[in-house]
There are 4 protein chains.
Amino acid sequence: MTEARPTPRRAATEARILDAALDVFSAHGFRGATLDGIADAAGMSKPNLLYYFTTKEDMHGALLGGLMGTWLEPLEALNAAGDPIEELRAYIRRKLEMARHYPRESRLFANEIIQGAPRIEAMLSGRLHDLVAEKAQVIRCWVADHRLAPVDPVHLLFAIWATTQHYADFDVQVSAVLGADDATRFDTAQATLEALFLDGLRPRE
Amino acid sequence: MTEARPTPRRAATEARILDAALDVFSAHGFRGATLDGIADAAGMSKPNLLYYFTTKEDMHGALLGGLMGTWLEPLEALNAAGDPIEELRAYIRRKLEMARHYPRESRLFANEIIQGAPRIEAMLSGRLHDLVAEKAQVIRCWVADHRLAPVDPVHLLFAIWATTQHYADFDVQVSAVLGADDATRFDTAQATLEALFLDGLRPRE
Amino acid sequence: MTEARPTPRRAATEARILDAALDVFSAHGFRGATLDGIADAAGMSKPNLLYYFTTKEDMHGALLGGLMGTWLEPLEALNAAGDPIEELRAYIRRKLEMARHYPRESRLFANEIIQGAPRIEAMLSGRLHDLVAEKAQVIRCWVADHRLAPVDPVHLLFAIWATTQHYADFDVQVSAVLGADDATRFDTAQATLEALFLDGLRPRE
Amino acid sequence: MTEARPTPRRAATEARILDAALDVFSAHGFRGATLDGIADAAGMSKPNLLYYFTTKEDMHGALLGGLMGTWLEPLEALNAAGDPIEELRAYIRRKLEMARHYPRESRLFANEIIQGAPRIEAMLSGRLHDLVAEKAQVIRCWVADHRLAPVDPVHLLFAIWATTQHYADFDVQVSAVLGADDATRFDTAQATLEALFLDGLRPRE
DNA sequence: TATGAATGAGAATTCATTCAT
DNA sequence: GATGAATGAATTCTCATTCAT
């Protein structure tokens with residue numbers, strides 16, 4: 001068996017499948033998703049799905065693996081040479097943009113992690129852990145230089161992740177509370193989060 | 001059919017079942033949970049489970065309904081007459097305590113909401129929505145009185161929920177980044193969140 | 001999980017299933033057999049089959065394991081203290097009786113072995129190999145004592161197995177050649193095999 | 001549709017396919033064999049296989065039909081004019097040679113027959129039956145002429161088939177008993193079978 | 001001829017639920 | 001109350017076969 005070199009045709013179909021799979025996995029979790037559902041969403045037959053991805057697990061893995069890079073980009077862009085406040089403000093913005101434009105991807109990961117991350121624990125303890133360690137060091141330096149209030153850098157990152165991804169992962173709750181038609185949601189979120197993270201609740205002067 | 005008045009015996013068995021169900025539902029989500037798994041965890045037979053709760057759905061509903069109250073308590077305790085900063089600090093603390101001591105409950109809700117809340121949307125738009133509306137008004141007053149920096153009160157609540165529940169819902173990720181044996185996790189989290197929410201990242205001279 | 005102690009009810013159902021499974025496996029081989037077919041033959045639903053035997057493989061294994069003993073009995077009964085000629089004559093008879101009365105069992109093993117014995121090779125190299133070694137020694141002594149013409153004892157056993165089981169395993173061919181209605185088949189077979197094995201084809205003076 | 005006159009190219013490809021098919025069918029039986037497996041073994045694509053043989057059944061049929069002739073040759077060569085003892089000795093030898101050199105063919109037939117010969121019953125009741133009838137008559141004459149001990153000629157043939165094909169069909173069992181590395185297997189088998197068939201076990205003074 | 005892509009008809013297995021005791 | 005037994009409705013995956021190129 002020679003490794004099948006992806007023809008354009010094949011690549012297109014794979015992309016179509018992964019898009020459908022992302023729809024379904026992000027909405028129902030791995031167990032809740034069915035190949036029937038994905039096949040429907042992709043507009044093709046179930047066996048044909050399995051012609052491209054050997055198993056349901058395989059499809060899920062391809063999604064997770066393919067998206068992890070995208071998911072870490074905003075943090076990778078955090079620049080040690082930049083102004084700390086502006087760097088973090090920009091990071092929050094980028095993360096919020098991702099939650100806004102890629103909510104399915106966010107929920108895909110959230111589903112996985114909440115259920116114990118059986119399929120991506122390796123990635124978490126590897127790639128993610130290492131990137132966090134690197135960037136935490138950057139933040140630690142900023143704090144040491146008094147350019148940032150003293151803060152635990154890792155827990156700061158947790159807080160940024162949690163608050164931004166909240167708008168993707170807990171969308172139905174956000175909508176239930178704000179009303180589903182609140183179009184300004186992300187703008188208000190951005191203003192609020194920036195204000196909170198940078199200046200806090202306690203009135204200054 | 002008269003509604004069966006619960007004997008103490010019955011209540012005890014129901015509690016045992018719900019505890020087992022909480023284990024399983026919170027770990028695998030509704031679809032991923034199996035009655036076999038719950039029966040195992042409860043140490044009883046599957047049909048006996050269904051003697052107490054007619055369907056799987058019923059069991060899940062009983063859990064969600066029974067826990068919603070507990071889940072909202074910290075917010076209900078937010079006191080308009082108290083000092084804003086201290087009230088919010090205490091609220092963050094209470095939420096973090098809940099994440100620490102009731103992670104299963106947190107994940108139960110998180111699973112449900114991420115997957116579109118098919119079974120609790122009514123509760124979100126009803127009870128939760130109304131409580132948030134009430135407490136948002138309290139916060140809005142505090143801001144108007146300049147006792148709090150200007151902030152959108154609802155998004156502030158989102159931020160508190162997100163950051164505190166993160167330690168329950170995304171536990172595996174937190175452990176992967178911090179190392180699974182970090183015993184100080186919740187203490188550091190509390191200090192970090194208080195500092196962030198109250199004072200922000202920008203150094204105060 | 002405590003090991004389920006077999007109630008009489010359970011034992012009866014298991015027996016019913018195994019009988020049906022023997023029908024189907026012996027007729028179609030492992031791969032050719034379907035749970036649908038077995039369920040039909042057993043007069044029960046497919047899932048109920050799997051309530052008793054976890055997998056198709058399990059069912060097949062239970063059959064093979066349960067029958068191996070029966071299958072080896074005739075050889076075990078070969079008595080070193082008896083008269084060689086009479087012992088071997090009796091052995092041929094017993095083997096032929098088994099082929100006559102348990103053709104399904106014979107075909108079950110034949111199917112398995114022809115296809116490389118993926119599921120019973122261990123038994124062949126273990127239990128069967130050891131029993132053959134023991135009985136071969138007996139025969140070897142008989143030859144050494146000039147009570148039997150010189151013969152390789154293991155190949156002799158092969159010949160006895162092959163000729164007797166032929167009437168079970170190759171039944172359709174036997175029927176096609178003899179006519180399906182030949183009721184004397186086994187009697188003639190017995191006479192022929194005894195004559196052949198004991199005296200051979202060459203006329204004695 | 002005119003019958004495609006086979007070009008040499010076509011014939012070569014067909015032969016390659018049939019060789020692969022023989023591998024797979026003989027090892028797994030008809031149901032257990034997959035076109036994927038055959039395509040792999042033949043080094044070509046599945047659809048191409050079906051370009052040459054319309055269906056799986058067709059491929060199997062071509063094999064059985066094409067090999068039946070070869071399979072009957074040794075019996076056809078039994079010569080009424082020869083010396084009975086020598087003729088039968090030679091027949092046993094030829095059959096054993098076939099088991100030795102064409103074990104796949106032997107197993108192909110064995111698989112088929114054990115499972116009720118759904119695809120070759122016609123051949124068995126026709127060509128095989130007739131050839132056996134003819135040669136049985138020859139043997140019957142030899143017995144009548146006292147050149148052979150009295151024996152049922154058809155059952156004699158059964159015995160010769162069974163004992164010789166045993167070394168092909170039950171190869172794994174033979175190997176398990178003798179040890180897989182016994183290179184003298186066929187030589188010993190030949191000596192043993194000749195001795196048994198011709199002279200029997202009872203010592204001749 | 002040859003092959004990548006596609007599919008309908010199974011086939012094994014899972015699982016919530018029902019039945020009988 | 002409690003449980004062993006039973007089942008229908010999925011659900012994942014396989015496989016012979018067809019289609020398009």
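Within every chain, numbering begins at 1; the chains are lettered A, B, ... in the order of the sequence lines, protein sequences first and strands thereafter. None of these values were measured; they are calculated from a predicted model.
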Atom pairs and distances, donor-acceptor, side-chain atoms in residues 36-52 of chain A, under 3.5 Å, two or more places apart:
residue	atom	partner	partner atom	Å
A/Asp36	OD2	A/Lys46	NZ	3.4
A/Ser45	OG	A/Asn48	N	3.4

Atom pairs, N/O to N/O, protein against nucleotides 12-14 of chain F, distance under 3.5 Å?
residue	atom	partner	partner atom	Å
F/dT12	OP1	A/Ala33	O	3.3
F/dT12	OP1	A/Lys56	NZ	3.1
F/dT12	OP2	A/Leu35	N	3.0
F/dC13	OP2	A/Lys56	N	3.0

Side chain to side chain donor-acceptor pair (under 3.5 Å) with B/Glu112: which residues, sequence neighbours excluded? B/Arg119

By salt bridge (Lys or Arg N to Asp or Glu O under 4.0 Å), C/Glu121 pairs with (sequence neighbours left out) none

Those residues that, when tested against B/Glu105, pass side chain to side chain contact (heavy atoms under 4.5 Å, CB included) (two or more places apart): B/Leu22, B/Leu67, B/Trp71, B/Tyr102

Residues in salt bridge (Lys or Arg N to Asp or Glu O under 4.0 Å) contact with D/Arg104, at least two apart in sequence or another chain: D/Asp19, D/Asp23

Students should find that the nucleotides of DNA chain E closing off the region near chain D, any atom under 4.0 angstrom from a heavy atom, are E/dT1 to E/dA11

Residues which pass ring-ring contact (aromatic ring centres under 6.0 Å, His included) with A/Phe170, listed by chain and number, not counting sequence neighbours: A/His166

Here the salt bridge (Lys or Arg N to Asp or Glu O under 4.0 Å) pairs for residues 26-35 of chain D, sequence neighbours left out, are none

In dot-bracket form, 5' to 3', how is DNA chain F paired? Count Watson-Crick and G-U wobble pairs only if both distances fall under 3.5 Å, and write | where the partner sits on another strand. .||||||||||||||||||||

Taking only residues two or more places apart in sequence, or in another chain, which ones meet D/Ser106 in a side chain to side chain donor-acceptor pair (under 3.5 Å)? D/Asp169

Taking only residues two or more places apart in sequence, or in another chain, which ones meet D/Glu14 in a side chain to side chain donor-acceptor pair (under 3.5 Å)? D/Arg10

